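A short write-up of the structure that comes next.
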Amino acid sequence: MKQFVIPELGENIHSATIVKVLIKPGDIVEIEQSVLEVETDKATIEVPSDVSGKVVEVKVKDGDQVEIGQAIFSVEDAGGASVASEAPKAEEPKVEEKTIVEEKQPTPQEQAVQAEKPAEPEAKALEQPTVALSGNLPSDSPKIIKIENQPPLSAQAAPAAPSVRRLAREIGVDVNEIKGTGPGGRISLDDVKFHSKRLHQQRNEIQHIRAEQHQEPLPDFSKYGDVETVAMSNIRYKTAEHLSYAWHTIPHVTQFDKADITQLEEFRKGYAKAAEKFGVKLTVTAILVKVIASAMKTFPQFNASVDMQNKSIVYKKYFNIGIAVDTEHGLIVPVVKNADTMNIIEITKEINVLAEKARNKKIGVADMQGGCFTISNLGGIGGTSFTPIVNSPEVAILGVSKGSIEPVYIDGKFEPRLMLPLSLSYDHRLIDGADAIRFLRWVIEALENPLKLIIEG
Ligand code: CAO
């Protein structure tokens, strides 16, 4: 028998809710066939199979909560014979006595000796067959390692002395999550304490936000009329938490302005036939992605994150732009990676692919990670202006409302011009008002005179 287990679904995702089981006993499954629809904290995604054959037993049902690495169903080959296990017998797991999970407690003398020794290459002790990973994963995801019935562990075991591991265990910290500051990433006692303090602070912040969210009990609405209560989806709940966190921690300011896109729109329409040859329809959103990536090069503080704990600012040297996409299962923000290296046709294609994936629940967690700045274009729907919330830990977001013809006073007379309303919300801890308006003016000038992109971008 071959088992299908829940593959790793992305960084910091440990569990998921099964929205729909897409296979049943007797079905023949193929590699890459979607077998489950799951909802994580970040997205609803279809999980492809990494096994093929006839489904014998399905161990879960719709609505179940499952852990990464948990067995979901087993298959035998389509003819009915058992499928050989993926790992050849000779490579069956050899669970060594000393692993991170079952660590033999050293005596105080052993501990003193071991503490002096360089870190043991503990990953070696964990050499086990890896569980095959499936399509939605980033190619650089750590492989899952399974030790018989133990939960999966990272192949990169953390280098730390037993005394350090013991302290981490005693205070309830996962040593594998700590970034060591010693040589070769070795974890010290101070690293454990610092990590614990940081977790504690984060927990306090989240509790504070939750307390605020739960401050006022709801009245009994049914006294006034019929009501229906439905459970929040994971995405909705996490979006609510994430936005509350951003709203609570970031001092927001929103700067409004308008770009005259009359010429740009003429060019966009004029270029439509040429764009068709590339199989795309040129859109304002794609042009904005290019303009913003260029503006971030001129204004590096817009491509940064604030680290209050370490009293530092992280400047990013890559230019990844998130696009807010409206889907029927909620707001999703896929990321156009390295937008500065792409031309507008390539950006348009990438937005189409990502938006399609988001709307068809095919989006992977990696598609939504690594953003530096977000664009939220509501103009296709309407609106004259709005105040978008910064997508923490980013420091700015551009809201785009509906472009419309307005009378603009030029050279002593009113002229009808196509004006695009822009709303730039920013984190005032890092960005001052003057910086914000300079940034927004740069964006507007690039939209009004695209040559600026070639000369300065
Ligand atoms: N002003 C006027 N018209 C606009 C416009 C704007 N700001 N932006 C888009 N349009 C027009 C387009 O030109 C297109 O018109 P034509 O068919 O005549 O050319 C039409 O609206 C539809 O555009 P689109 O939505 O297909 O393409 P897009 O690249 O402009 O937008 C995307 C892509 C993914 C941003 C968009 O589909 C979307 O999901 N927007 C909603 C984002 C959202 O929900 N933000 C809120 C987040 S906070 O809650």
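On a predicted model such as this, the values are computed, not experimentally measured, just so you know. Both counts, for ligands and for their atoms, begin at 1 and track the order of listing.
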For the residue pair Phe439 and Phe299, does the interplanar ring angle fall in the parallel (under 30°), tilted (30 to 60°) or perpendicular (over 60°) class?
-> perpendicular
Just by distance, do the side chain of Ser423 and the backbone of Ser385 share a donor-acceptor pair under 3.5 Å?
-> no
Output all residues satisfying side chain to side chain contact (heavy atoms under 4.5 Å, CB included) with Asp226, sequence neighbours left out; order by chain, then residue number.
-> none
Any protein heavy atom < 4.0 Å from atom 43 (C) of ligand 1 = yes
Any chance CZ of Arg441 has more than 12 other-residue heavy atoms, nucleotides or ligands included, within less than 6.0 Å?
-> yes
Nearest protein heavy atom with distance in Å, relative to atom 16 (P) of ligand 1 | Lys281 NZ, 3.5 Å
NZ/NE/NH1/NH2 to OD/OE distance under 4.0 Å, Asp340 and Lys297 = yes
When you look for heavy atoms under 4.0 Å from ligand 1, do you find them on the side chain of Val284, its backbone, both, or neither?
-> neither
Relative to ligand 1, is Ile351 under 4.0 angstrom through side chain, backbone, both or neither, heavy atoms considered?
-> neither
Would you call Lys361 and Glu37 a salt bridge, using N to O less than 4.0 angstrom?
-> yes
Does a sphere of radius 6.0 Å around CZ in Arg429 hold more than 12 heavy atoms from other residues, nucleotides or ligands, not counting ones at 6.0 Å or beyond?
-> yes
So which protein heavy atom does atom 20 (C) of ligand 1 come closest to, and at what separation?
-> Gly380 CA, 4.6 Å
What's the shortest distance from atom 34 (C) of ligand 1 to any protein heavy atom, and which residue and atom give it?
-> Val325 CG2, 3.8 Å
Just wondering, are more than 12 heavy atoms of other shown residues or ligands nearer than 6.0 Å to CD in Glu356?
-> no
Atoms of ligand 1 under 4.0 Å from any heavy atom of Leu378, numbered from 1 in the order shown, are 43 (C), 44 (O), 45 (N), 46 (C)
Look at Lys362 together with Glu46 and state whether they make a salt bridge at an N to O cut-off of under 4.0 Å.
-> yes
Are any of the protein's heavy atoms under 4.0 angstrom from atom 38 (C) of ligand 1, yes or no?
-> yes
For atom 41 (C) of ligand 1, the protein heavy atom that lies nearest, with its residue and separation = Asn377 O, 3.4 Å
Counting heavy atoms only, name the option from Arg268, Lys269, Glu356, Met419 that's nearest to atom 13 (O) of ligand 1.
-> Arg268
Those atoms of ligand 1 less than 4.0 Å from some heavy atom in Leu420 | 7 (N)
Any idea which part of Ala286 is under 4.0 Å from ligand 1, heavy-atom wise: side chain, backbone, both or neither?
-> neither
In terms of residue, atom name and distance, what is the protein heavy atom nearest to atom 2 (C) of ligand 1?
-> Gly403 N, 3.4 Å
Determine if the distance from atom 31 (O) of ligand 1 to the closest protein heavy atom is below 4.0 Å.
-> yes
Quick one: which ligand 1 atoms are inside 4.0 Å of a heavy atom on Ser401?
-> 1 (N), 6 (C), 7 (N)
Given the protein's heavy atoms, is any one of them under 4.0 Å from atom 10 (N) of ligand 1?
-> yes
Step by step, work out the salt bridge (Lys or Arg N to Asp or Glu O under 4.0 Å) result for Glu265 and Arg268.
-> CA-CA 5 Å; Glu265 190 60 10; Arg268 196 176 76 87; 3.0 Å; yes
Show which atoms of ligand 1 fall inside a sub-4.0 Å distance from at least one heavy-atom site of Val400.
-> 7 (N)
For atom 22 (C) of ligand 1, decide whether some protein heavy-atom distance is shorter than 4.0 Å.
-> no
Nearest protein heavy atom to atom 36 (C) of ligand 1, by residue and atom, and its distance?
-> Arg359 NH2, 3.9 Å
Any protein heavy atom < 4.0 Å from atom 7 (N) of ligand 1 | yes
shortest atom 47 (C) of ligand 1-to-protein heavy-atom contact is with Ser376 OG, 3.2 Å
Glu406 atom CD, over 12 foreign heavy atoms within 6.0 Å = yes
Verify atom 25 (O) of ligand 1: protein non-hydrogen atom under 4.0 angstrom away | no
Quick one: sort the Phe267 and Tyr271 rings into parallel, tilted or perpendicular, breaks at 30° and 60°.
-> parallel
State whether the number of non-hydrogen atoms from other residues, nucleotides or ligands found under 6.0 Å of Lys59 atom NZ is greater than 12.
-> yes
Of all the heavy-atom pairs spanning Ile363 and Pro334, show the shortest one and how long it is.
-> CD1-CB, 3.8 Å
Between Ala436 and Leu424, what is the shortest heavy-atom contact and its length?
-> O-CD2, 3.6 Å
With respect to atom 48 (S) of ligand 1, which of Leu331, Thr327, Asp326 exhibits the smallest heavy-atom separation?
-> Leu331
Heavy-atom proximity to atom 5 (C) of ligand 1, best of Ala358, Gly330, Gly379, Pro388 | Gly379
Protein heavy-atom partner closest to atom 33 (C) of ligand 1 - residue, atom, separation in Å = Thr285 OG1, 4.1 Å
